[in-house]
Amino acid sequence: MNLLVTGGCGFIGSNFVRYWLEHHPEDQVLVYDKLTYAGRRENLADLWEDPQLSLVVGDIGDQALVRQTCLTQATDLIVNFAAETHVDQSILGPLVFTDTNIRGTHVLLEVARELGIRLHHISTDEVYGHIRDDHQSVETDELAPRSPYAASKAAADQLVQAYAITYGIPVTITRGANNVGPYQYPEKAVPLFSTNAILGEPLPVYGDGQQMRDYAHVYDHCTGIEAVLLRGEIGQVYNVGTGREMTNLEMVDIVLQTLGKEQSLIRHVLDRPGHDRRYSMNVDKLRALGWEPRYEPRQAVAEAVRWYQDNQDWWAPIRSGEFRDYYEKQYAERLAGLQG
Ligand code: NAD
Ligand code: DAU
């Protein structure tokens, strides 16, 4: 099978490419990636020599290039990881989220429709909005996104479903929980807190830190996507997570304990605007395909933290480069307590 993996140089995409080549060595994987700040060739540094893997640098919004790439590769399946993915960045500068997450997905759908290619779209639990205490989201729940990022992902999901209904194209969608693991850009909470703690810098916890997330290991996301690609029903949506949540303060505690660092590094700072209090998904539909997560949330976080401890060569150049400008904009006033 020939897979076009968009966003394959990002966090989850690169873990998926690595997983897929190991478990399906007969398949051809073509990574199509714009190489934004979050997309890094070095995430797959050890694999570029593999004749089964290749890279096209391009934007998913470039219809001519996507089309030509699919024709050249004779693509059987597009797996769409490409996206702008950070909620805080979507609050600072939302329009690129519309361009990539909505229009970019729409372009992929157009090419898939024209060339008769199956499309698997990677979505998120954030499309369900924040979830009341007595509920776990199921795939048929209404979408109620609350950030520019989540709204752009929800719009993309609806386009994918509309194309399936209108044109009958073969699509599937997975909605993932908060992933942790190797190669996650350090703007996200677990790598940010891990690398800050290693550097002895404060950990900026938004608000009271009682927000709840299902911290799932990226490995389990990859096996969940694989289960849907191999055994999922065309046209269906599947939630992927552990089905269990913890508070952000519990997650921070695991980070600090794993690194042997003091609680005094914790700083409660001005909350994220519109911060969703709780995400929680029911994953029974995916389990019915024979999938089970390998990692408990606590193990997943601890294992991710250890990766950042052992892989400073990967994150140190990122943290000392363009990331500093973003960090300054997002955290300087918060950490100085000047946020009003
Ligand atoms: P990431 O930010 O680490 O990587 C995104 C990748 O997409 C990068 O390689 C980037 O270069 C590429 N990209 C961005 N815009 C592009 C464009 N216009 N054209 C081509 N490539 C482009 O993201 P991630 O955390 O790996 O997330 C991957 C997917 O999974 C996204 O769709 C995201 O919404 C979804 N998701 C993420 C999580 C999570 O916890 N990280 C959870 C659930 C779902
Ligand atoms: O739930 C799936 C989503 O998980 C994905 O769709 C997104 O792409 C991914 O970025 C992630 O979104 P979150 O906003 O939940 O993840 P983030 O790592 O940014 O934050 C996790 C929690 O930690 C959240 O409640 C906000 C909080 N947080 C985050 C940062 C960056 C802090 O308290 N302080 C911080 O500095």
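As the structure lists them, so they are numbered: ligands from 1, and atoms in each ligand from 1.
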Visitor: Looking only at protein heavy atoms, which one is nearest to atom 43 (C) of ligand 1, and what is the separation?
Guide: G176 O, 3.3 Å
Visitor: Check the side chains of Y326 and H86 for a donor-acceptor pair under 3.5 angstrom, ignoring hydrogens and angles.
Guide: yes
Visitor: Between the side chains of E126 and Y279, is a donor N or O closer than 3.5 angstrom to an acceptor N or O?
Guide: yes
Visitor: If only side-chain N and O atoms count, and only distance matters, is there a donor-acceptor pair under 3.5 Å linking N248 with Y215?
Guide: yes
Visitor: Sequence neighbours left out, what pairs pass ring-ring contact (aromatic ring centres under 6.0 Å, His included) with at least one residue falling in residues 100-122?
Guide: H106-Y163
Visitor: Is R298 salt-bridged to E296, cutoff N-O under 4.0 Å?
Guide: no
Visitor: Judged by non-hydrogen atoms, does G8 sit under 4.0 Å from ligand 1?
Guide: no
Visitor: Give the atoms of ligand 1, by number and element, whose distance to some non-hydrogen atom of S123 is under 4.0 Å.
Guide: 43 (C), 44 (C)
Visitor: Among I12, L65, D33, V5, which one puts a heavy atom closest to atom 26 (O) of ligand 1?
Guide: I12
Visitor: Considering non-hydrogen atoms of the protein only, which is the closest contact for atom 19 (N) of ligand 1, and what is the distance?
Guide: I60 N, 2.9 Å
Visitor: In ligand 1, which numbered atoms sit nearer than 4.0 Å to a non-hydrogen atom of G7?
Guide: 6 (C), 7 (O), 9 (O), 12 (C)
Visitor: Below 4.0 Å, non-hydrogen atoms only: which portion of H86 touches ligand 1? Side chain, backbone, both or neither.
Guide: neither
Visitor: Between D62, T85, V180, N179, flag the one that comes closest to atom 2 (O) of ligand 1 by a heavy atom.
Guide: T85
Visitor: Suppose we measure from atom 21 (N) of ligand 1 to each protein heavy atom; which comes out shortest, and what is that distance?
Guide: K34 N, 3.1 Å
Visitor: Among all protein non-hydrogen atoms, which one is nearest to atom 35 (C) of ligand 1, and what is the separation to 0.1 Å?
Guide: I122 CG2, 3.8 Å
Visitor: Please write down residue, atom name and distance for the protein heavy atom closest to atom 3 (O) of ligand 1.
Guide: F11 N, 3.0 Å
Visitor: I need the nearest protein heavy-atom contact for atom 15 (N) of ligand 1: residue, atom name and distance, please.
Guide: T100 CG2, 3.5 Å
Visitor: Go through ligand 1 atom by atom and flag the ones less than 4.0 Å from a non-hydrogen atom of G58.
Guide: 19 (N), 20 (C)
Visitor: Could you go step by step and tell me if D133 and R277 meet the salt bridge (Lys or Arg N to Asp or Glu O under 4.0 Å) rule?
Guide: CA-CA 10 Å; D133 287 348; R277 273 315 261 186; over 6 Å; no
Visitor: Does ligand 1 have any atom that is closer than 4.0 Å to a heavy atom of G61?
Guide: no
Visitor: Using a 4.0 Å cut-off to any heavy atom of Y149, which atoms of ligand 1 qualify?
Guide: 33 (C), 34 (O)
Visitor: If you measure every N/O of G10 against every N/O of ligand 1, is any gap under 3.5 Å?
Guide: yes
Visitor: Among protein heavy atoms, which lies nearest atom 28 (C) of ligand 1, and at what distance?
Guide: F81 O, 3.4 Å
Visitor: Give a yes-or-no answer on whether the side chains of T69 and Q73 include a donor-acceptor pair shorter than 3.5 Å.
Guide: no
Visitor: With a heavy-atom distance limit of 4.0 Å, tell me whether N178 approaches ligand 1 through its side chain, its backbone, both, or neither.
Guide: backbone
Visitor: Whether the Q63 and E110 side chains hold a donor-acceptor pair (N or O, under 3.5 Å, no angle test) is what I'd like checked.
Guide: no
Visitor: Ligand 1 versus L35, non-hydrogen atoms closer than 4.0 Å: side chain, backbone, both, neither?
Guide: backbone
Visitor: For the residue pair N196 and Y327, confirm or rule out a side-chain donor-acceptor distance under 3.5 Å.
Guide: yes
Visitor: When you measure from atom 10 (C) of ligand 1 to every protein heavy atom, which one gives the shortest distance, and what is it?
Guide: T36 OG1, 3.3 Å
Visitor: Quick check on the 6.0 Å ring-centre criterion: do Y185 and F11 meet it?
Guide: no
Visitor: Is it the case that N43 and W314 place a side-chain donor and acceptor less than 3.5 Å from each other?
Guide: yes
Visitor: Any Lys/Arg nitrogen of E201 or R319 sitting under 4.0 Å from an Asp/Glu carboxylate oxygen of the other?
Guide: yes
Visitor: Quick check on contacts: which atoms of ligand 1 are under 4.0 angstrom from a heavy atom of D59?
Guide: 17 (C), 18 (N), 19 (N)
Visitor: How are the rings of W20 and H24 set to each other: parallel, tilted or perpendicular (split at 30° and 60°)?
Guide: parallel
Visitor: Is the ring pair Y19/H23 parallel, tilted or perpendicular, if the boundaries are 30 and 60 degrees?
Guide: parallel
Visitor: Please check if any side-chain donor atom of N282 sits under 3.5 Å from a side-chain acceptor atom of E139, or the reverse.
Guide: no
Visitor: Quick one: which ligand 1 atoms are inside 4.0 Å of a heavy atom on K153?
Guide: 31 (C), 32 (O), 33 (C), 34 (O)
Visitor: Is a donor from one side chain sitting under 3.5 angstrom from an acceptor on the other, for N2 and Q28?
Guide: no
Visitor: So what's ligand 2 close to, N/O to N/O, under 3.5 Å?
Guide:
unit_1: ligand 2; atom_1: 1 (O); unit_2: D125; atom_2: OD1; d: 2.5
unit_1: ligand 2; atom_1: 1 (O); unit_2: N178; atom_2: OD1; d: 2.6
unit_1: ligand 2; atom_1: 4 (O); unit_2: N178; atom_2: OD1; d: 3.4
unit_1: ligand 2; atom_1: 4 (O); unit_2: N178; atom_2: ND2; d: 3.2
unit_1: ligand 2; atom_1: 6 (O); unit_2: T124; atom_2: OG1; d: 2.7
unit_1: ligand 2; atom_1: 6 (O); unit_2: Y149; atom_2: OH; d: 2.6
unit_1: ligand 2; atom_1: 8 (O); unit_2: T85; atom_2: O; d: 2.7
unit_1: ligand 2; atom_1: 8 (O); unit_2: Y149; atom_2: OH; d: 3.0
unit_1: ligand 2; atom_1: 10 (O); unit_2: T85; atom_2: O; d: 3.2
unit_1: ligand 2; atom_1: 12 (O); unit_2: E126; atom_2: OE2; d: 2.8
unit_1: ligand 2; atom_1: 14 (O); unit_2: R272; atom_2: NH1; d: 2.6
unit_1: ligand 2; atom_1: 14 (O); unit_2: R272; atom_2: NH2; d: 3.4
unit_1: ligand 2; atom_1: 15 (O); unit_2: N178; atom_2: ND2; d: 2.8
unit_1: ligand 2; atom_1: 15 (O); unit_2: R213; atom_2: NE; d: 2.9
unit_1: ligand 2; atom_1: 16 (O); unit_2: N178; atom_2: ND2; d: 3.3
unit_1: ligand 2; atom_1: 18 (O); unit_2: A189; atom_2: N; d: 2.8
unit_1: ligand 2; atom_1: 19 (O); unit_2: R272; atom_2: NH2; d: 2.9
unit_1: ligand 2; atom_1: 23 (O); unit_2: N248; atom_2: ND2; d: 3.4
unit_1: ligand 2; atom_1: 25 (O); unit_2: R213; atom_2: NH2; d: 3.2
unit_1: ligand 2; atom_1: 25 (O); unit_2: N248; atom_2: ND2; d: 2.8
unit_1: ligand 2; atom_1: 25 (O); unit_2: H275; atom_2: NE2; d: 2.7
unit_1: ligand 2; atom_1: 33 (O); unit_2: Y206; atom_2: N; d: 2.8
unit_1: ligand 2; atom_1: 34 (N); unit_2: P204; atom_2: O; d: 2.8
unit_1: ligand 2; atom_1: 36 (O); unit_2: P204; atom_2: O; d: 3.3
unit_1: ligand 2; atom_1: 36 (O); unit_2: Y331; atom_2: OH; d: 2.6

Visitor: Between Q136, R244, R213, which is the residue that forms a side chain to side chain donor-acceptor pair (under 3.5 Å) with S280?
Guide: Q136
